[in-house]
Amino acid sequence: MYRVRLFAIRKARSFEWLYRRLEAVMVACDPLFRRIGYNRVERPVAFVERITKGFLFDCRMCGQCVLSSTGMSCPMNCPKQLRNGPCGGVRPGGFCEVIPEMKCVWTLAWQGAARMKGGDKIREVLPPVDRSLQGSSSWLRVSREKAAKLREAREAGRTALAQAFPNARVIEPASAPLAEEPRRATTGDTRK
Amino acid sequence: MSEPGDLGDIVRPYADPPPGHVSDSRLERVLRSGRFAVTAELNPPDSADPSDVFDAARPLGEVADALNATDASGANCHMSSIGICALLTRAGYGTVYQISCRDRNRIAIQGDVLGAAAMGVRNVLCLTGDGVGTGDQPGARPVFDFDSISLVRTIRTMRDEGVFLSGRKITRPPRMFIGAAENPCIEPREWRPERLAKKVEAGADFIQTNYIFDLPVFEKFMARVRDLGLHERVFILPGVGPLASAKAARWMRSNVPGIHIPDAVIERMEKAAKPAEEGKRICIELIQQIRDVAGVAGVHVMAYRREHQVSEIILESGVLAGRRPRRRVVGQAQ
């Protein structure tokens, strides 16, 4: 809904906060999602995402949500679907070139970004949309990506250790392991 | 089969750029040497006859370092930019191949960039493109797979990394001088310089702007551009053009997307006894004022249906003073 969308941009800072919390929850849920299988949770999560974001931001389910980098103004509502707007056709008063009665999505985006804590993210050059992801859940994608990054960071620590003690690794492989550990092999509890 | 040496007669040999340059574009050489550059927009013919292209280029070639071949501007169908550039490049003109994201997807565009480079085209201007609704075929499907900024980054990746966006290797990368557009006088004015920064970040080497008729607004824009240090990272060529009459100016303002003409300019056109002469006068004055704005590297002349005035405007403005007169290019189709 256009009016709700405008409200969300006016309240960009609050929504930014809310979104960060949601993201943390989704990342925390990664082990659960992995256990159930991302394939199984895809449909129900995408359904909830479609309803919520559709109401708040007129979300089009591009599957590559960048709201926090676009002032909480969904760029898929731009008739040209720009990911790095606005174009040069904005009408006086900040109205859209293609739909003259609608406010330019990207003019609103820059205004929204100015209200946000991490608003500077709008200065980052965004890649073109991968159209094959249309309709999929962006929330799950973020959860997967962030969780993978966290795992990678942990891996980097182990790699560094193995590299710092190269000979020990040769003599006693178990002392500085590099291969990925199965879940049951690690308890996460170091005091045992 | 022809020997590789024979190709030199048909097309420009594929040369590596001179040191310190990203392409062997004449426009790039002029700009990097610190000379004031002039580019001009060519009105593409609705015809398949190459002589129409050369006729359109002739009045511009005398003063322009490169000619911009528009890509269905205003979403109106004309001869393609790549076709025009290929013809003009062979005849010795510098050309700017304009790509609008409206009509082609990433597969078509990346292929066309290689094709253009192979034909000898050395400058490319990346544009978002007007919506299809403004054109002569509003029922067309708008593509907008890229936007202008992701297109700039894509061509830079092809040129500098030697790969397509898919990561597949390009054996001889397209050595293009990459341009982007800006529209300083259009809202949201406060964010225009910031968006320019994104274009520079994406990899733009030069910028051609839409029409500047409002000097104070442009000066404010440039002040912010200098604050951001962008004028040292990109060559900026503001757009200018002669108005035909007050009526034409009003029509442009309300029908062509992204055109801002202040009332004062239209009033001046209205009061003039000879509107066409006055339009030319205003254009010359604007070029002289724009030249004196710090951070400006040249000027881009868009004289739609007033191409015959371009040489006079540029020569009378005096911006080419001290530059060697351009050799007339033949380009006469037999």
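Below, chain A is the first sequence line, B the second, and so on; all start at residue 1. Computed from a prediction, not measured in an experiment: that's the story for all the values here.
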Is [X] in contact with chain A via its backbone, its side chain, both, or neither, using a 4.5 Å heavy-atom distance?
X      : value
B/R102 : neither
B/A202 : both
B/L151 : neither

With chain A as the partner, which of B/R192, B/R153, B/H260 has the greatest number of non-hydrogen pairs under 4.5 Å?
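Ranked by heavy-atom pairs under 4.5 Å with chain A, first place is B/R192.
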
Using every non-hydrogen atom in the two residues, find where A/Y2 and A/E101 come nearest and quote the distance to one decimal.
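It is OH-O, 4.2 Å.
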
Scan the side chains in residues 104-111 of chain A for donor-acceptor partners under 3.5 Å anywhere in the protein, sequence neighbours excluded, and list what turns up.
from   : atom 1 : to    : atom 2 : distance (Å)
A/W106 : NE1    : A/L82 : O      : 3.1
A/W110 : NE1    : A/G85 : O      : 3.2

List the atom pairs, with distances to 0.1 Å, where a side-chain N or O of residues 133-142 of chain B and a protein N or O form a donor-acceptor pair under 3.5 Å, not counting sequence neighbours.
from   : atom 1 : to     : atom 2 : distance (Å)
B/T134 : OG1    : B/G74  : O      : 3.4
B/T134 : OG1    : B/G131 : O      : 2.9
B/D136 : OD1    : B/C77  : N      : 3.4

Do the side-chain N and O atoms of A/N84 and B/D147 include a donor-acceptor pair separated by under 3.5 angstrom?
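A donor-acceptor contact under 3.5 Å links the two side chains.
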
Is NZ or CZ of A/R144 both nearer than 6.0 Å to the six-membered ring centre of A/Y38 and within 45° of the ring axis?
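Geometry flag: set, cation within 6.0 Å and 45°.
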
Per-residue contact mode, A/V98 against chain B (heavy atom under 4.5 angstrom):
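For A/V98, the contact with chain B is made by the side chain alone.
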
